[in-house]
Amino acid sequence: MPSLSNSDELIFFVNGRKVIEKNADPEVNLLFYLRKVLHLTGTKYGCGGGGCGACTVMVSRYNPKTKKIHHYPVTACLVPICSLYGAAVTTVEGVGSIKTRIHPVQERLAKCHGTQCGFCSPGMVMSIYTLLRNHPEPTPEQITESLGGNLCRCTGYRPIVESGKTFCVESAVCQMKGSGKCCMDQEERSFSDKQEKICTKLYNEDEFQPLDPTQEPIFPPELIRMAEDPNKRRLVFQGERTTWITPVTLNDLLELKTNFPKAPLIMGNTTVGPSVKFSNKFHPVFISPLGLPDLYFVDSTDDGVTIGAGYSLAQLNDALQFIVSEQPKEKTKTYRALLKHLRTLAGAQIRNMATLGGHVVSRPNYSDLNPILAAGNAIINLISKEGERQIPLDGHFLERSPDASLKPEEVVLSVYIPHSPQWHFVSGLRMAQRQENASAIANAGMSVQFEEGTDRIKALQMFYGSVGPTVVSASQACQQLIGRQWDDQMLSDACRLVLDEIYIPPAAKGGMVEYRRTLIISLLFKFYLRVRQGLNKMDPQKFPNIPEKFLSALEDFPIETPQGIQTFQCVDPSQPPQDPVGHPVMHQSAIKHATGEAVFVDDMPPIAQELFLAVVTSTRAHAKIISIDTSEALALPGVVDVITAEDVPGDNNHQGEIFYAQNEVICVGQIVCTVAADTYAHAKEAAKKVKIAYEDLEPRIITIEQALEHNSFLSVEKKIEQGNVEQAFKYVDQIIEGEVHVEGQEHFYMETQTILAIPQEEDKEMVLHLGTQFPTHVQEYVAAALNVPRSRIACHMKRAGGAFGGKVTKPALLGAVCAVAANKTGRPIRFVLERGNDMLITAGRHPLFGKYKIGFMNNGVIKAADVEYYINGGCTPDESEMVIEFIVLKSENAYNIPNFRCRGRACKTNLPSNTAFRGFGFPQATVVVEAYITAVASQCNLPPEQVKEINMYKRTSETAYGQTFNPALLRRCWKECLEKSSFSARKQAAEEFNKNNYWKKRGLAVVPMKFTIGIPLTYYNQAAALVHIYLDGSVLVIHGGCEIGQGLHTKMIQVASRELNIPESYIHLPETSTITVPNAVFTAGSMGTDINGKAVQNACQILMARLQPVIRKNPKGTWEDWVSSLSTNGKNKGKGNPYPYFVCGASCSEVEVDCLTGAHKLLRTDIFVDAAFSINPALDIGQVEGAFIQGMGLYTTEELKYSPEGVLYSRGPDDYKIPTVTEIPKEFYVTLVRSQNPIAIYSSKGLGEAAMFLGSSVLFAIYDAVTAARRERGLTKTFTLSSPATPELIRMTCVDQFTDLVSVGRRGPIISTPYVGSQVLGMDS
């Protein structure tokens, strides 16, 4: 540790204002500094690891050498403030504000309906804004690329991309929008009613203010002077525990590296930052040569190019693009391979932060670039005080051989990449869980040099990433193949040799052992084909080309900018212009979302004496607590108290939900105690010091299968039955039986669970601010924990940053935990779960195991179905009993099977309790239904869509649970979907494609949906509202529903505007609170608008009735003349069938599958949903698109992984992959089908959940493509594709010679990994 008397001043600018920090701490990141020191809360915390983009800001630096200003996006959570000396930071507040003027980027994101919950919106704005600062007229591709590092869980991305595309020169928005016509087959658009006018325009571009690049803020001149100062000196920043040193010359850097050989060099902090945060690494000294001119250069010679180690990966990309444009193609093979991988590596923010030198020298085992650099014979130029030396970037270096590594005092100066000579081929290959912003499951860099004019191997190199603890080289295999000809026999031997050389042990970290081994040789095969094609191009006479059917195997799926059309019913021309109902009105908070001025719980200013809470969770799935030792934690600075079960004044176990573990723990992730301290850093540090002794208990039940074995259940069996199932099985032509697994899903709401609990001075009152779907439930649990009447607990809910069911019951449990801490300390408590803890503690969607037995005739008619469902409920009741009830009631989907039996049970296991999640069991259960329909089709040799139509409801009849159902709308959506998506023509085209392509296959699927809305309990179908009219004519509306991004408040304002006949601008809707509307039910089950809308309507109608005498006296008066202070409550009392109404729909998706890797590309999706009359088509289409993409994630890329001991491995965006902008359909068409629904307000329907299941059209399209591949390989047996259809599952189901080779060539037994609440892996944690 350097002996330093004092620290330098840190000088940088934020939003044009100078910041001078006299006590800069190297451990403080920019996100914390912006939010907690400067109180700029527009920049959000989403994951803390740079993986979600919620904290994106723009950094600008002046380069004195080029005299240019460089703007680039960064994730603030990874930027140490000490690295910002001399930089200008722009946050969303600096871009525009409702207080001054909003920026076109913010305006267009809002008006194009690109925000729902609004939590990701500031990051989206900053990504597009930074792009526009560098490219004022971007291409659509640049827009898509700029958003690759930003996650959104609500919108499905399409409107966000569209808002960005409005800045493109050739605006790619549908050219006929605005005419009221649609560029798709307009003449057959009006289906039932020739007068029905169809609209495709959700916003009006004429309203947009133009982008004027000359109006952007200037770069601070003071920073230019600082950068050009010839007398710069070394900077030192001394923190509480660490020291940061910024050298200003190369000699200074080398001097420091000699004095502190163990100190890491920090440039982008993308490697060291996460290791400090998530792996508890500690470094007393950081050296940061950021901006050191000697590390930033490109030097091109006739033989190759040398690139400075300080270049970011984005700058490396630009440099390589330039070289590729200048040099002949044959010389640039290595550069082009690098460019291909640079496009998908992480997101734009990380590519702008991470540096070439840092990437090379940290040698991550998953590196996409190092294997290519090694294959291209790159050389690393090193320097130290001893002098310069070069080391090859080769297998020895990548495998961390001590003799091939850097000495502690050495620094990477640059990397030399030679041009590729003639007869030399270089390739980069990779496969990841999703196309972009995901580490590879396996990747490779390969090169071969031939003897001139021949296909005889002179040199061969193969490097693989993600298949071992380091990048590995198949050097022995390569050695044995030298001198061989590049032919099929060589390939066959190469596959065997490589598999023998690269061994992946059965319990390897990350699992997927057979899949990774298959990828090793599948990627080698792709390289083999590419080289064959390359040789053919050089001499077509001498070297025959690869078979035409193999050509598509060479191409990776392109990343394309999505586009689509949204179709809905136009508003009746006779409707008064002031009436907003039926119009695509922008979300009432959209502009505030886009400017970062929408206040979420953790954005609320600090309260005097507030403390921060950190949790200590169980590390065992089932164990007795022997002791809890808090002494070490309590001794740490800033710690105020440790709270345990002993401190709960009332119930610690309320309705089966346990607040603080007492005596025993029943899952990994159960809260044992919490630490309250003056800062979150202190609380977190102390939480690590709490020592808990356990004694394991048996049984430890993790999977559904284990629960069945131990007869461990949370509820009794639920059952429905119609007809005589046993009898019917005797009279059918065929019977099939099968099993389907549908794994769980993490909510991944962008705003983690956040609670602010403020104890009051009097009467044991407690005020809580939190993001929840059910304030009443929080009130109940907190009152129970504190042993006070509910009237003393006030819960305030302004908005939540996404919820999806994850904020129905869980905030009550966490609210109680937080309130107990506030009660014990007597001080306000701010409780914000980190992403990893949120994922661990709150769990998600119930994994499901379905068994079916189906009896059917050879013509595809199903006569009998016997279905059993088991869900993994976790360790406490939560919502599991209601979920299994819903599953059983909704288990027939759209099919009328005369003899039908369904049984279901919720299993009790030692996992955190699963809970409500959009669709509430339906998205899991109906996969089983569609699976058995598809299996029947396969057995009858009929297309699945034909069997679906044969068995679909045809006339009004009773459902299996006895509710009358008229299928007219179901059949209409189905028919429109097949027709408008040109299903049969495209199916034929796909078959033609499949005939001509062996390694890529296309598949189409169409799924129908009959979804019931509401909850079969009258109490849950009731709501209340409070409407005040003030003397100035302004109106305050309050209701019991919660704004979680779905636009509920916006629709309520539309309802009040119509009922009171006043402009929306008169109406204000502040928040939801247990003080104003008591005993409100949850906002879930797509019922928010139905129940609260009726209550608001009722209240408004009562007020209007009171005003009638006044209006009659003064009919020409204005609204302001008529009103004197009026207010009233409105109520909506539910009644009727178990479910008030049905939402029907259909979706058709087409995918292309790469049989060699398991990758898939979603080419097109058409969705038709019966919306009845949409109160707000923009919000409803947003719900449909968002739910579809979330469903697609459930069925494809989202995979939760647990250890056999019940430890969750997937705890953040690094290892849990929700869809990004690149996963959404290339063409995305959504139609709201018009109908009548007399039950709901204005004949509307709740659409929040229904489309979740429609995402399964992607799963079944993948199934269709995989079936085509298997058929061509001679495998005709019906197979089950469980969910999610991950790349691993797709690849291993497309059986071929490579998968055969892997299963034959196994070393030792492969652990068969059972399914758990998702997949269980044998892994080293």
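The model shown is predicted, which means the values in this text are computed figures rather than measured ones. Only heavy atoms go into these numbers, but all of them, side chains included; no hydrogens, no water, no symmetry mates. FYI, the numbering just counts along the sequence from 1.
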Side-chain (Tyr869) to main-chain (Ala925) donor-acceptor, under 3.5 angstrom = yes
Is there a side-chain contact between Glu657 and Pro877 (heavy atoms, below 4.5 Å)?
-> yes
Nearest-0.5 Å distance, CG of residue Leu911 to OG1 of residue Thr876 | 11.5 Å
Considering only distance and modelled atom types, tabulate donor-acceptor pairs under 3.5 Å from the side chains of residues 789-797, sequence neighbours left out.
from, atom 1, to, atom 2, distance (Å)
Arg792, NH1, Asp763, O, 3.1
His796, ND1, Glu1071, OE2, 2.7

For Lys764, does the NZ atom have more than 12 heavy-atom neighbours from other residues, nucleotides or ligands under 6.0 Å away?
-> no
Is a side-chain N or O of Gln773 found less than 3.5 angstrom from the main chain of Gly805, in a donor-acceptor match?
-> yes
Looking at CD1 of Ile871 and SG of Cys907, how far apart are the two atoms once the value is rounded to the nearest 0.5 Å?
-> 8.0 Å
Which of Lys807, Arg153, Arg799 passes salt bridge (charged side-chain N to carboxylate O under 4.0 Å, His left out) with Glu751? Answer is Lys807
Is any side-chain heavy atom of Asn914 less than 4.5 Å from a side-chain heavy atom of Pro847?
-> yes
Once the angle between the rings of Phe886 and Phe920 is folded into 0 to 90°, is it parallel (under 30°), tilted (30 to 60°) or perpendicular (over 60°)?
-> perpendicular
Evaluation steps, side chain to side chain contact (heavy atoms under 4.5 Å, CB included), between Phe849 and His741 | CA-CA 5 Å; Phe849 171 52; His741 285 275; 3.6 Å; yes
So is Arg835 actually on top of Phe748's ring, under 6.0 Å and inside 45° of the axis?
-> yes
Between CG of Leu813 and NE2 of His654, what distance do you get to the nearest 0.5 Å?
-> 11.0 Å
Test item: Glu709 and Pro699 side chains (from C-beta on) under 4.5 Å apart, heavy atoms | no
Would you kindly check if the NZ (Lys) or CZ (Arg) of Arg620 is within the cone defined by 45 degrees around the ring axis of Tyr694 and under 6.0 Å from the six-membered ring centre?
-> no
Would Tyr45 and Thr752 count as a side chain to side chain contact (heavy atoms under 4.5 Å, CB included) if you check the C-alpha gap in whole Å, the side-chain angles of each, and the deciding distance to 0.1 Å?
-> CA-CA 8 Å; Tyr45 165 83; Thr752 60; 4.2 Å; yes
Distance-only, no hydrogens or angles: does the Asn910 side chain make a donor-acceptor pair with backbone N or O of Ile701 under 3.5 Å?
-> yes
If you measure only the distance, is there a donor-acceptor pair under 3.5 Å linking the side chains of Glu1205 and Ser1203?
-> yes
Locate the shortest heavy-atom distance separating Glu746 from Ala843; write the atom from each residue and the value.
-> OE1-O, 3.6 Å
Considering non-hydrogen atoms only, spot the tightest contact between Gly48 and Cys77 and give its length.
-> C-SG, 3.6 Å
Could you tell me whether Lys688 atom NZ has more than 12 heavy atoms of other residues or ligands within 6.0 Å of it?
-> yes
Could you grab the distance from atom CG of Leu833 to atom CD of Gln753, nearest 0.5 Å is fine?
-> 6.5 Å
Which heavy atom of Leu1194 sits nearest a heavy atom of Pro923, and at what distance?
-> CD2-CB, 4.0 Å
Ring centres under 6.0 angstrom apart (Tyr1020, Phe1082) | yes
Measure the shortest side-chain to side-chain distance between Leu840 and Glu834 over non-hydrogen atoms and say whether it is less than 4.5 angstrom.
-> no
Apply side chain to side chain contact (heavy atoms under 4.5 Å, CB included) to the pair Tyr680 and Lys36, showing each step before the final yes or no.
-> CA-CA 11 Å; Tyr680 181 67; Lys36 301 298 179 190; over 6 Å; no
Quick one: are Thr41 and Asp602 in side-chain contact, heavy atoms under 4.5 Å?
-> no
May I ask you to test the Met1087-Ile1015 pair for a side-chain heavy-atom distance under 4.5 Å?
-> yes
Side chain of Thr776, backbone of Ala1080: donor and acceptor closer than 3.5 Å?
-> yes
Do any N or O atoms from the side chain of Asn652 and from the backbone of Tyr660 form a donor-acceptor pair under 3.5 angstrom?
-> yes
Value rounded to 0.5 Å, distance of CG in Asp678 from CD in Glu610 | 11.0 Å
Heavy-atom pair of closest approach, residues Cys52 and Pro1213 | N-CG, 4.5 Å
Can you find a heavy atom in the side chain of Val820 that is under 4.5 Å from one in the side chain of Phe659?
-> no
Say whether, by atom type as modelled, one donor and one acceptor occur between the side chain of Thr1072 and the main chain of Gly1041 under 3.5 angstrom.
-> yes
Examine distances only and state if a side-chain atom of Gln706 and a backbone atom of Leu708 form a donor-acceptor pair shorter than 3.5 Å.
-> no
Are Lys44 and Asp603 within salt-bridge range, i.e. N to O under 4.0 Å?
-> yes
Check the pair His846 / Gln924 against side chain to side chain contact (heavy atoms under 4.5 Å, CB included), numbers first and verdict last.
-> CA-CA 8 Å; His846 291 76; Gln924 300 99 294; 4.0 Å; yes
At their closest point, which heavy atom of Gly1040 faces which heavy atom of Thr1083, and how far apart are they?
-> O-OG1, 4.2 Å
Hey, what's the ring geometry for Tyr749 with His747, parallel, tilted or perpendicular (30° and 60° as the breaks)?
-> parallel
Cation-pi geometry met for Arg1211 and Tyr1216 (6.0 Å, 45°) = no
For atom NZ of Lys1217, decide whether the heavy atoms of other residues, nucleotides or ligands shown that lie under 6.0 angstrom number more than 12.
-> yes
Would you call Glu868 and Arg905 a salt bridge, using N to O less than 4.0 angstrom?
-> no
For atom CD of Glu240, decide whether the heavy atoms of other residues, nucleotides or ligands shown that lie under 6.0 angstrom number more than 12.
-> no
Between Asp641 and Thr825: side-chain donor-acceptor atoms closer than 3.5 Å | no
State, to 0.1 Å, how close Ala800 and Thr772 come at their nearest heavy-atom pair, and which atoms those are.
-> CB-N, 4.4 Å
State whether the number of non-hydrogen atoms from other residues, nucleotides or ligands found under 6.0 Å of Lys691 atom NZ is greater than 12.
-> yes
Within the distance-only criterion (no hydrogens, no angle test), does the side chain of Lys824 pair as donor or acceptor with the backbone N or O of Val642 below 3.5 angstrom?
-> yes
So how far is it from Ile829 CD1 to Leu613 CG, rounded to the nearest 0.5 Å?
-> 5.5 Å
Backbone N or O of His682 within a donor-acceptor pair of the Thr679 side chain at under 3.5 Å?
-> yes
Short side-chain to backbone donor-acceptor contact, Thr915 and Gly806, under 3.5 Å | no
Less than 4.5 Å apart, any side-chain heavy atom of Ile1218 and any of Glu1198?
-> yes
